[in-house]
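Written out below as structure tokens is the structure these notes cover.
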Amino acid sequence: MTGRPRRLLAALLVALLATGCGTAEAGPRPWHDGRIFLATGNTTGVYYQLGGGYADVISRHLPGYEARAEPTGASVENINRLANGDMEIAFSLADTAADAVLGRGAFAGQPQPVRALARVYSNYTHVIVRADARITTLAGLRGKRVSTGSPKSGTDILAGRLLTAAGLDPDRDVRRATLSLPETVKRMRAGTLDAMFFAGGLPTPGIADLLSGAPGRFALLPIADLIEPLAARHGPVYTTAELPREAYGTTSATPTVTVANVILVGADMPDQLAYDLTRLLFTYQADLVSVHPEGGNFTRQSAAGTDPIPLHPGAARFYRSG
């Protein structure tokens, strides 16, 4: 059960509990009856792992609130569900979030009322090809069977932009499939895909399973040379970095394109709640690191740099207080 039916059920349960305790004096009701749902991503990705850790921190350390991480198709879906009131917190790639705020791309003409709590770790773009396909550049994907990630995900958007930067039409020049990470990995193993895209933290569990389970069958494709056409069209939201060989036990580092992640909330979230949710990210950051190493790859200074996505006023107050 998702969306408003789930919320109505939660509200009914709260009301029943309240009437069953007639002798108790009612206090202020927490926002959304104290239920916080986090929109994350594919179950074998970093969003889902860190989202689960963050939900646990909220449930244990924010009195009156219980949080739960929900698997999703990631960025675009997450923002839509956040704007619709189906979720209270959402993980997103910063490029997709910027599109949402500015009303462009997947949100053309429809700016979304989302605000940032923090800029967190960066996603590394993984382009993985079958080693026997002898594909050495992104342009070499012409005519190939390619998964560009879940529908309505940041990976799918970024994959399309990268293919365009390489001189390919994403919908005509490749045999494009929009698949979740688990399904993509399954099909790569089966040999029914030639290549895949995924933007994620290091290491991404699903990709680690793919590469470690079939040594030598797959290769990471270097794509950092596409940063100039990418930046010329989409601005400085993208950067480059080397995907270190230690991440997946490859023989060498892979130059790739990176993009930051942000944690988003709705503009209507109470300021104090946004302040507290931001504070928890730093007070219990060690708990996030224990869930995934990327939980440690942001600082108070870097987290406040969310432009062009506005900080929620509650989050901004937290950063000013330090």
| message | Between H312 and R317, is the side-chain contact (heavy atoms from CB on, under 4.5 Å) condition met? List the steps. | response | CA-CA 9 Å; H312 190 287; R317 178 163 62 89; over 6 Å; no

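- The aromatic rings of Y47 and F91 are tilted relative to each other, their planes meeting at an angle between 30° and 60°.
- With hydrophobic clusters built from ILVMFWY side chains whose heavy atoms lie under 4.5 angstrom apart, V146 does not share a cluster with I207.
- Here the shortest heavy-atom pairing between F218 and L210 reads CE1-CD1, 3.5 Å.
- The cationic group of R300 lies under 6.0 Å from the six-membered ring centre of F318 and within 45° of the ring axis, placing it in a cation-pi geometry.
- One hydrophobic cluster, built from ILVMFWY side chains closer than 4.5 Å, holds both V57 and L117.
- Within the 4.5 Å cutoff, no side-chain heavy atoms of L163 are placed close to those of D173.
- Here the CD1 atom belonging to I79 is positioned 12.0 Å from the NZ atom belonging to K152, to the nearest 0.5 angstrom.
- Proximity of a side-chain donor or acceptor of S302 to a complementary backbone N or O of F298 within less than 3.5 Å is not detected.
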| message | side-chain contact (heavy atoms from CB on, under 4.5 Å), that's the test. Do I128 and F197 meet it? Break it down for me. | response | CA-CA 7 Å; I128 301 174; F197 287 77; over 6 Å; no

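- A salt bridge does not link R35 with D33: none of the charged nitrogens is closer than 4.0 Å to a carboxylate oxygen.
- Here Y284 and Y54 keep their ring centres 6.0 angstrom or further from each other.
- Annotation: the span from L179 atom CG to S147 atom OG amounts to 4.0 Å, rounded to 0.5 Å.
- Looking only at distances, a side-chain donor or acceptor of T155 sits under 3.5 Å from a matching main-chain atom of A199.
- Of all heavy-atom pairs spanning T40 and Y48, the tightest one is OG1-CD1, 3.3 Å.
- Under 4.0 Å is where a charged nitrogen must lie from a carboxylate oxygen, and between D194 and R175 no such pair does.
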| said: What verdict does the side-chain contact (heavy atoms from CB on, under 4.5 Å) test give for M196 and L181, after you've listed the backbone C-alpha separation in whole Å, the side-chain angles of each residue and the deciding distance to 0.1 Å? | reply: CA-CA 9 Å; M196 62 169 283; L181 180 56; 3.8 Å; yes

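- No donor-acceptor contact under 3.5 angstrom links the side chains of N261 and S122, judged on distance only.
- A donor-acceptor contact shorter than 3.5 Å is absent between the side chain of H32 and the backbone of G34.
- The minimum heavy-atom distance linking A74 with S153 is given by the pair CB-CB, 4.0 Å.
- Here S75 contributes atom OG and N123 contributes atom CG; the two are 8.0 Å apart, rounded to the nearest 0.5 Å.
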| message | Under the criterion salt bridge (Lys or Arg N to Asp or Glu O under 4.0 Å), I'd like the reasoning laid out for D56 against R60: C-alpha separation, chi angles, the key distance, then a yes or no. | response | CA-CA 6 Å; D56 184 57; R60 287 189 292 115; 2.9 Å; yes

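- L220 and L141 fall into different hydrophobic clusters, defined by Ile, Leu, Val, Met, Phe, Trp and Tyr side-chain heavy atoms under 4.5 Å apart, directly or through other members.
- Looking at V262 and V120, their side chains never come closer than 4.5 Å, going by heavy atoms from C-beta outward.
- Side-chain contact check for Y248 and H126: at least one donor-acceptor pair (N or O, by modelled atom type) lies under 3.5 Å.
- Taking the side chain as every heavy atom from C-beta outward, V185 and D209 never approach each other to under 4.5 Å.
- Connection of I309 to M269 is not established within any shared hydrophobic cluster, with ILVMFWY side chains joined at heavy-atom distances below 4.5 Å, either directly or through further cluster members.
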| task | Would you sort out whether L168 and R142 count as a side-chain contact (heavy atoms from CB on, under 4.5 Å), showing the intermediate values? | result | CA-CA 7 Å; L168 301 176; R142 185 181 298 274; 3.2 Å; yes

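- In this model, no donor atom of one side chain and acceptor atom of the other lie less than 3.5 Å apart for Q110 and R104.
- A donor-acceptor contact under 3.5 angstrom links the side chains of N78 and T72, judged on distance only.
- Note: the hydrophobic cluster containing L243 does not contain I223 (ILVMFWY, side chain heavy atoms under 4.5 Å, direct or indirect links).
- No side-chain N or O of E77 forms a donor-acceptor pair with one of N80 less than 3.5 Å apart.
- Remark: E70 engages R68 in a salt bridge, criterion side-chain N to carboxylate O under 4.0 Å.
- Side-chain contact check for R176 and T148: at least one donor-acceptor pair (N or O, by modelled atom type) lies under 3.5 Å.
- Interatomic distance, R81 CZ to E88 CD, rounded to the nearest 0.5 Å: 10.5 Å.
- Under the 4.5 Å side-chain criterion, counting only non-hydrogen atoms from C-beta, D276 is in contact with R279.
- By the neighbour-count criterion of 12 heavy atoms within 6.0 Å, atom CD of Q301 is sparsely surrounded, having that number or fewer from other residues, nucleotides or ligands.
- For R245, the CZ atom is loosely surrounded, since the number of other residues' heavy atoms within 6.0 Å does not exceed 12.
- Looking at heavy atoms from C-beta onward, V101 lies in side-chain contact with P310 at the 4.5 angstrom threshold.
- Taking all atoms of both residues into account, the shortest heavy-atom contact from A90 to L82 is CB-CD2, 4.2 Å.
- Under a 3.5 Å cut-off, the side chain of H292 and the backbone N or O of P203 do form a donor-acceptor pair.
- In this structure the side chain of Q49 reaches within 4.5 angstrom of the side chain of P205, judged on heavy atoms.
- For the atom pair CG (L264) and CE (M87), the distance works out to 13.5 Å, reported to the nearest 0.5 Å.
- Across I36 and I89, no two heavy atoms sit closer than the pair CG2-CD1, 3.7 Å.
- Formation of a donor-acceptor pair under 3.5 Å by the T178 side chain with backbone atoms of S150 is not found in this model.
- Looking at every heavy atom in both residues, R217 comes nearest to R189 through NH2-O, 3.1 Å.
- Between the side chain of Q112 and the backbone N or O of G103 there is no donor-acceptor pair closer than 3.5 Å.
- Between the side chain of T204 and the main chain of G206, no donor-acceptor pair closer than 3.5 Å is present.
- Side-chain polar atoms of Y238 and R161 form a donor-acceptor pair below 3.5 angstrom.
- Once rounded to the nearest 0.5 Å, the distance linking CG of L202 with CD of E246 reads 10.5 Å.
- No donor-acceptor distance shorter than 3.5 angstrom exists from the side chain of T258 to the backbone of A241, with no hydrogens or angles considered.
- T136 has its side chain out of reach of V129: every pair of non-hydrogen atoms, C-beta onward, lies at least 4.5 Å apart.
- Under the 4.5 Å side-chain criterion, counting only non-hydrogen atoms from C-beta, T239 is not in contact with V259.
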